[in-house]
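Residue numbers start from 1 in every chain, and the chains themselves are labelled A, B, ... in the order their sequence lines are given, proteins ahead of strands.
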There are 2 protein chains.
Amino acid sequence: MEVSNESYSEVSNRLFFRLFQSANLLHKKGTAAVEEYGVTTQQWSVLGVFYRNQVIEEGGISVGDLSEYLLVSRQSLTGTLDLMLNKKYIKKVTNPRDKRSKLIQITPKGRTLWSNLQLPITEFYQSALEGISFDDQTSILHYLNKIINNMEAM
Amino acid sequence: MEVSNESYSEVSNRLFFRLFQSANLLHKKGTAAVEEYGVTTQQWSVLGVFYRNQVIEEGGISVGDLSEYLLVSRQSLTGTLDLMLNKKYIKKVTNPRDKRSKLIQITPKGRTLWSNLQLPITEFYQSALEGISFDDQTSILHYLNKIINNMEAM
DNA sequence: AAAAATACAGCAATATATTGACATAGATTT
DNA sequence: AAATCTATGTCAATATATTGCTGTATTTTT
């Protein structure tokens, strides 16, 4: 089928417009889903990082590595981490190998919170993905990875 | 194929994590793509609204309708609109039919900006969608619509 | 060994996102 | 007609996002 330039433009415009909107809704509804625990979607993303094998092995993660992994600026991350520090979900220790660097570690309180978050987060995701098969979810993930890789390469 | 609960969780966690990241990159790289014009991705989204048939016919759009269309809060929109007012890309007029309401309209300066933005925006989108066919782009849009509808229904 | 370049985390300014609240205006109920 | 409820846009507080910059520390070059 021949596809006009107008159609291409319309689809890509709509696609990115919806991407923008879906992320806003993800934050709004996701934060509401765990309202009783008083954390935001970004904070739970940070907590999730401590359960990655590499981070467990290294006994924490630096601000720089966390920034790269989450794809947010170090400055934005500092603000989020400060809030989590105040709530005592994480702690910062000086990196023994590099005095410039700090290692972020999860606390026991943070671990308890993470356990408590599993059920509401799972329910939220299941609700958001209602009617989308596992194969389709895998396709979406594949496409998002591709788009992210393309934008990172800019 | 039997899919374990762990796999489901992993895919949905990754999917939403990537959604969060792709939106951040969209704003970062999109704003950089039009850096010479000094507007953000949200501001160009607002400008694009004035070219919708219904908005053209009605001679503008209210803050409330704009908020609903963009899926952002009225309060966030007020801030973005104020910046665009200062730059004189838009103007506000009292709604003749409802004194509480204001109609937002694009200015000639805003129209010139919108014209100038078309090429860099198109190039940005094309680059971000490199290697993704038109049919696949249509699929992504379909999935995003579905996820948005699901989250709106929460 | 000393100088230069780079890395790390955070400060500052700015933009955008949320929720709760408020003053004014319109719609509905009594 | 008056009272009550709902709608509209903005104010305020807070969270998170960016870029540019800075002080300190490490690495690389001379």
Side-chain angles (χ1 to χ4, degrees), chain A residues 20-35 37-46 60-68 70-87 89-90 92-104 151 154, chain B residues 20-46 60-68 70-87 89-90 92-104 151:
Chain A
F20 157 50
Q21 288 182 315
S22 55
N24 284 346
L25 274 178
L26 166 60
H27 293 312
K28 174 176 176 174
K29 302 290 184 175
T31 297
V34 298
E35 181 180 12
Y37 299 103
V39 293
T40 64
T41 53
Q42 291 84 353
Q43 292 170 17
W44 97 38
S45 297
V46 170
I61 185 170
S62 72
V63 175
D65 287 346
L66 190 49
S67 161
E68 281 182 29
L70 295 176
L71 292 186
V72 297
S73 62
R74 293 189 314 274
Q75 296 89 322
S76 173
L77 197 48
T78 296
T80 303
L81 295 180
D82 281 347
L83 288 178
M84 297 176 76
L85 272 167
N86 290 340
K87 295 173 184 174
Y89 295 139
I90 58 170
K92 282 181 181 176
V93 301
T94 304
N95 187 341
R97 290 191 291 276
D98 186 337
K99 282 179 182 148
R100 296 171 297 178
S101 173
K102 290 171 182 145
L103 285 184
I104 313 299
M151 291 199 283
M154 286 178 182
Chain B
F20 156 50
Q21 288 182 315
S22 54
N24 284 347
L25 274 177
L26 166 61
H27 293 311
K28 174 176 175 174
K29 302 289 184 177
T31 296
V34 299
E35 181 181 12
E36 73 180 282
Y37 299 103
V39 293
T40 64
T41 53
Q42 290 83 355
Q43 291 170 18
W44 96 41
S45 296
V46 170
I61 185 170
S62 70
V63 174
D65 287 345
L66 191 50
S67 161
E68 280 182 29
L70 295 178
L71 292 186
V72 296
S73 63
R74 298 190 310 273
Q75 296 90 323
S76 171
L77 198 49
T78 296
T80 304
L81 294 180
D82 282 347
L83 287 177
M84 296 176 76
L85 272 167
N86 290 342
K87 296 174 184 174
Y89 295 139
I90 60 169
K92 283 181 181 177
V93 300
T94 304
N95 188 341
R97 290 190 292 277
D98 187 337
K99 283 177 182 151
R100 295 171 298 178
S101 174
K102 288 169 182 145
L103 286 185
I104 313 298
M151 291 201 282

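Side-chain N/O atoms of A:S76 include none lying less than 4.0 angstrom from OP1 or OP2 on D:dT16. Close to D:dA15, at under 4.0 Å from its OP1 or OP2, lies no side-chain N or O of A:T80. Dashed line: the shortest gap from a side-chain N or O of B:K29 to OP1 or OP2 of D:dT18 is not under 4.0 Å. Phosphate contact (OP1/OP2 of C:dA9, side-chain N/O of A:T78, threshold under 4.0 Å): absent. A sub-4.0 Å separation between OP1 or OP2 of D:dG9 and a side-chain N or O of B:S101 is present.
The nearest heavy atom of DNA chain C to A:K92 and to B:S73 marks one nucleotide each, and the one closer to the 5' end goes with A:K92. The 5' end of DNA chain D is approached more closely, in terms of each residue's nearest nucleotide, by A:Q43 than by the other of A:Q43 and A:K99. Nearer to the 5' terminus of DNA chain D, by closest-nucleotide assignment, is the contact made by B:Q75 (compared with the other of B:Q75 and A:K87).
With rounding to the nearest 0.5 angstrom, the CD1 atom of B:I61 is 11.5 Å from the CD1 atom of B:I90. With values rounded to the nearest 0.5 angstrom, B:R100 atom CZ is found 10.0 Å from B:N95 atom CG.
Contacts of A:L77 with the nucleic acid, taken as non-hydrogen atoms under 4.0 Å apart, are absent. Among the atoms of the strands shown, only primed sugar atoms or phosphate atoms (P, OP1, OP2) are found under 4.0 Å from some heavy atom of B:S62. If you check every strand for non-hydrogen atoms under 4.0 Å, B:G64 touches sugar and phosphate atoms only.
No side-chain heavy atom of B:N24 sits less than 4.5 Å from a side-chain heavy atom of B:Q21. A:Y89 places a side-chain heavy atom less than 4.5 Å from the side chain of A:V39. Side-chain atoms of A:T80 and A:Q43, non-hydrogen and from C-beta on, do get closer than 4.5 Å to each other.
In this structure, the CG atom of B:L66 is 11 Å from the P atom of C:dA17, given to the nearest Å. In this structure, A:N95 atom CG and D:dT26 atom P are separated by 10 Å, rounded to whole Å. Here D:dT18 presents its P atom at 12 Å from CE of A:M151, a figure rounded to the nearest Å. The NZ atom of A:K28 sits 16 Å away from the C1' atom of D:dA15 (whole-angstrom rounding). The nearest whole Å value for the distance from the CG atom in A:N24 to the C1' atom in C:dA17 is 7 Å. At whole-Å resolution of the value, CG in A:L103 and P in C:dC8 are 12 Å apart. Remark: P of D:dT14 and CG of A:D82 are 15 Å apart, rounded to the nearest angstrom. Put simply, CD on A:Q42 is 13 Å from P on C:dA17, counting in whole angstrom units.
Under a 3.5 Å cut-off, the side chain of A:K92 and the backbone N or O of A:L81 do not form any donor-acceptor pair. In this structure, the side chain of B:S67 engages the main chain of B:V72 through a donor-acceptor pair within 3.5 Å.
Axis angle, first five pairs versus last five pairs of the helix from C:dA1-D:dT30 to C:dT30-D:dA1: 20°, rounded to 10°.
Between the base of C:dG10 and the side chain of A:R74 there is a donor-acceptor pair shorter than 3.5 Å. With hydrogens and angles ignored, no donor-acceptor pair under 3.5 angstrom links the side chain of A:R100 to the base of C:dA9.
Under the side chain to side chain contact (heavy atoms under 4.5 Å, CB included) rule, A:L77 has a single partner from A:D82, A:L70, A:I104, which is A:L70.
The nucleotide whose nearest atom lies closest to any side-chain atom of A:V63 is, among D:dA17, D:dA15, C:dG10, C:dG10.
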